[in-house]
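Written out below as structure tokens is the structure these notes cover.
Lettering follows sequence order; numbering is per chain, from 1. Small disclaimer: the values here were computed from a predicted structure and weren't measured.
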There are 2 protein chains.
Amino acid sequence: MTELEQYIKSYFGVVSSNDLQTIISLFQLASVKKGEFLLQSDRRCDTLSFVQSGLLRMFAITDGKEVTQWISSKGYFATDLSSFVFETPSRWNIQALVDTEIYIITREDYQKIGDLVPKWSELEKLFLVRCFTTLEDRVFSHLSMTAKERYDLFFEQNSELFNQVPLQFIASLLGMTPETFSRIRKKRMS
Amino acid sequence: MTELEQYIKSYFGVVSSNDLQTIISLFQLASVKKGEFLLQSDRRCDTLSFVQSGLLRMFAITDGKEVTQWISSKGYFATDLSSFVFETPSRWNIQALVDTEIYIITREDYQKIGDLVPKWSELEKLFLVRCFTTLEDRVFSHLSMTAKERYDLFFEQNSELFNQVPLQFIASLLGMTPETFSRIRKKRMS
DNA sequence: TTGATTTCTTGATATTTGTCAAGAGTAATG
DNA sequence: CATTACTCTTGACAAATATCAAGAAATCAA
């Protein structure tokens, strides 16, 4: 499980070896087949997962159109955070784009971490602030950047996705149509 | 200080009377004159504030242009969360749009809350998840809505700002130019 | 109250992005 | 490997939004 250790560390920071073992023992390795849903909107989200291999897409449907909010690749986590914490209906669907392996934890087991690892609430806080900051940056990109600029920035930071994921989904998460995406891409490749 | 109690409750949820008193005693009432900066970008953000009266604008400057990320009115909080928590240079400026009264707390005093109020870390977590969810919604609005739709939604939720704030700032935080904003507004008013 | 300053509106025009439709390319399945 | 289904690209066109410039309106400060 040494890779899960890395994901935990990368999100939550330094944890003692003992604590790390405690945390990791509460996760289960599981598989999601291509096309399967890890979460459906309007259901309650009872789990949180780290992607070990494969790809998960988080999306919602409005006006009959799918809007991709994020794509989680190896090392990323996936959950509807609001639903996971508040037990409200989920706003997102989470679906596997390819056969995917995940480390998954239930809400009950997640809550145990807090009891077993004294420092946990502090680590969790830092984790949440990082997530918040990432989204702040993302909002900012929509206030201050054009479609081309968002394309370039995303390509810099996530180039590996461009040959693993249907490009229409990347277009959607960047807030543009597949056609616009395709035209920008053409320029960038020539 | 009964209003500060309400802000705390609205963000952090139910707190016992005793704990609330403890928390509130660590905040100071302070004034920020119109035009004054509560925070400058690239400086470290050492405080968190709730607006008691007046208006604070959070913005950044890129390519010589000001981009308004948010406007905090009565009851909202204002800080660069990332800088406040990680002590990194702030990405935002925070400036008073009018003479403003705030309840302010320093990082040191904020950390004391955690020691004095046992439930605090749990409340803080819920607070952060709510903030995260709000930003998720905001990202989603840029992926799935037109300028008109964002205008309408923001007007529904924050109509009081429309006659208190230079409209160019609202335009910016909605991700459109002042001209586009003005034209949409004209249609909506006729 | 009166200038001075800032903010808002409006029109003309340019640019960006979206829509629709068709075809080409690619991958999935039996 | 053949056919079926997706996915991507391209062009023509439409719609949305930005830019620039000028003037009107509102606000501020002396």
| query | Between R183(B) (CZ) and dT13(C) (C1'), how many Å, whole number? | reply | 11 Å

| Between CD1 of I184(B) and OG1 of T146(B), what distance do you get to the nearest 0.5 Å? | 7.0 Å

| Under 4.0 angstrom between T177(A) side-chain N/O and dT17(C) OP1 or OP2 | no

| Rounded interatomic separation in angstrom, taking CG from L174(B) and C1' from dA16(D) | 16 Å

| message | Whole angstroms only, please: what is the CD1-P distance between I184(A) and dG18(C)? | response | 9 Å

| query | Taking a hydrophobic cluster as the set of Ile, Leu, Val, Met, Phe, Trp and Tyr residues connected by side-chain heavy atoms closer than 4.5 Å, whether directly or through intermediates, do V98(A) and L29(A) fall within one such cluster? | reply | yes

| message | Distance check, rounded to the nearest 0.5 Å: L128(A) atom CG versus C131(B) atom SG? | response | 10.0 Å

| Can you find an N or O donor on one side and an acceptor on the other, under 3.5 Å apart, linking the side chain of E179(A) with the base of dC20(C)? | yes

| query | Please give, in whole Å, the distance from dT7(C) P to I170(B) CD1? | reply | 13 Å

| request: Would you indicate which nucleotide in dC8(C), dT10(D), dT19(C) comes nearest to any side-chain atom of R185(B)? | output: dC8(C)

| request: Look at the side chain of Q164(B) and the backbone N and O of E160(B), then say whether any donor-acceptor pair between them is shorter than 3.5 Å. | output: yes

| request: Take atom CE of M176(A) and atom C1' of dA16(D), then tell me their distance rounded to the nearest Å. | output: 16 Å

| query | For the pair made of NZ in K187(B) and C1' in dA16(D), what is the distance, rounded to whole Å? | reply | 10 Å

| field | Euclidean distance, atom NZ of residue K34(A) to atom C1' of dC6(D) [Å, nearest integer] | value | 9 Å

| query | For the pair made of OH in Y151(A) and P in dT17(C), what is the distance, rounded to whole Å? | reply | 14 Å

